[in-house]
Amino acid sequence: MGGWDSVYALVKKIPRGKVLTYGALAKATSLPGGARAAGRAMAATPKGQGIPWHRVVGAAGKLLIREPYASLQKKLLASEGAKLIESRVDLKSCHWIASSARRAQAASRVARARKRKPLRRRC
DNA sequence: CATCTGACGACCG
DNA sequence: GCGGTCGCCAGAT
């Protein structure tokens with residue numbers, strides 16, 4: 001195993017309905033080898049660990065993985081409310097940045113306050 | 001031990 | 001916006 005634990009940890013931290021690009025992920029975790037390493041990390045994602053691997057997409061929000069994972073990812077993202085356009089995700093509204101976790105937290109709080117109801121958590 | 005293969009991204013035409 | 005090339009690295013055969 002490599003230092004991919006930090007990668008998985010960060011992926012787990014991605015808010016529902018948001019996505020992170022391989023490049024950003026690699027950068028955020030200081031992964032050597034860049035985006036490719038992030039991709040490998042995802043490919044090697046241990047199943048049953050509750051890791052939302054589907055929230056990790058390509059540079060332009062494009063879904064790069066192939067079947068059968070592709071359809072599954074689409075399905076999961078769609079169920080989370082992510083803006084899906086064919087095989088892409090609208091980063092404009094769904095891109096999440098680890099650096100702005102603080103801000104995202106605030107946004108999350110707002111969303112929660114808006115509903116005032118316990119939002120059913122998936123995954 | 002040598003080689004191949006990929007869940008990538010930046011660049012170029 | 002799309003497709004081809006190159007660099008990069010780890011795991012599989």
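So that the names make sense, note that chain A is the first sequence line, chain B the second, and so on, each numbered from 1.
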(request) Any chance you could list the contact pattern along nucleotides 1-7 of chain C? Use B for base contacts, S for sugar-phosphate-only contacts and - for none, protein heavy atoms under 4.0 Å, 5' to 3'. (result) -S----B

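Residues A:Leu64 and A:Val57 form no side-chain contact, since every pair of their non-hydrogen atoms from C-beta on lies 4.5 Å or further apart. Within the 4.5 Å cutoff, the side chain of A:Leu77 has heavy atoms near those of the A:Leu63 side chain. Counting heavy atoms from C-beta outward, A:Val11 and A:Leu20 have side chains that stay 4.5 Å or more apart. Side-chain atoms of A:Thr21 and A:Val56, non-hydrogen and from C-beta on, never get closer than 4.5 Å to each other.
A:Ala37 comes within contact range of no nucleotide atom at all, as no heavy-atom separation falls under 4.0 Å. In this structure, A:Gly34 reaches neither bases nor backbone, as no heavy-atom distance under 4.0 Å exists between it and the strands shown.
The side chain of A:Arg40 places no N or O atom within less than 4.0 Å of a non-bridging phosphate oxygen (OP1 or OP2) of C:dC9.
Rounded to a whole Å, the CD1 atom of A:Ile51 is 14 Å from the C1' atom of B:dA7. A straight line from CZ of A:Arg66 to P of B:dT5 spans 12 Å, rounded to a whole angstrom. Atom CG of A:Leu72 is separated from atom P of B:dA7 by 15 Å (rounded to the nearest Å). Counting to the nearest Å, the P atom of B:dA7 and the CH2 atom of A:Trp4 are 12 Å from each other. The interatomic distance linking A:Leu25 (CG) with C:dC8 (P) rounds to 20 Å, in whole Å. A:Leu76 places its CG atom 18 Å from the P atom of B:dA7, with the value rounded to the nearest Å. Straight-line distance from the NE2 atom of A:His95 to the P atom of B:dG9: 10 Å, rounded to whole Å. The separation between A:Leu31 atom CG and C:dC8 atom P is 16 Å, rounded to whole Å.
The distance from the CG atom of A:Leu84 to the NZ atom of A:Lys74 is 8.0 Å, given to the nearest 0.5 Å.
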Quiz: residues 30-51 of chain A side-chain donor-acceptor pairs under 3.5 angstrom, not counting sequence neighbours:
{"unit_1": "A:Thr45", "atom_1": "OG1", "unit_2": "A:Ala41", "atom_2": "O", "d": "3.3"}
{"unit_1": "A:Thr45", "atom_1": "OG1", "unit_2": "A:Met42", "atom_2": "O", "d": "2.6"}
{"unit_1": "A:Lys47", "atom_1": "NZ", "unit_2": "A:Tyr69", "atom_2": "OH", "d": "3.3"}

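Between A:Arg55 and A:Glu80 a salt bridge is recorded (basic side-chain N to carboxylate O distance below 4.0 Å).
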